[in-house]
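Numbers for residues simply follow the sequence, beginning at 1. FYI, side chains are in, hydrogens and waters are out, and symmetry mates aren't considered; it's all heavy atoms of this structure.
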Amino acid sequence: MDVLNVLIQNSSLQGMPTWYKATTLLLFSLILVTVITSLFILITQGPGMTIRFGY
């Protein structure tokens with residue numbers, strides 16, 4: 001919890017309302033979890049998985 005407090009103090013979230021801080025941290029953590037999950041799936045499914053790019 002101290003890490004989050006230090007990050008908030010050193011960022012632009014310093015003077016924002018509590019609900020704004022909570023929303024920002026929630027969105028950041030959701031994006032982070034999505035990226036980590038995607039990387040984990042790519043690593044474990046690796047050679048057998050084909051990613052097709054198209055329109």
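Distance check: Ile36 CD1 to Ile41 CD1 gives 12.5 Å after rounding to the nearest 0.5 Å. Remark: Leu42 CG to Thr37 OG1 distance equals 11.0 Å, nearest 0.5 Å.
Under a 4.5 Å side-chain heavy-atom cut-off, the cluster of Ile, Leu, Val, Met, Phe, Trp and Tyr residues that includes Ile43 has no other member. The other residues sharing a hydrophobic cluster with Leu30 are Leu26, where clustering joins ILVMFWY side chains under 4.5 Å apart.
In terms of hydrophobic clustering, with Ile, Leu, Val, Met, Phe, Trp and Tyr side chains grouped at heavy-atom distances under 4.5 Å, Phe28 and Val33 are assigned to different clusters.
Here Ser38 pairs with Thr34 under the side-chain contact (heavy atoms from CB on, under 4.5 Å) rule; sequence neighbours left out.
For the pair Lys21 and Met16, the tightest heavy-atom approach, listed with the atom from each and the gap, is CE-O, 3.3 Å.
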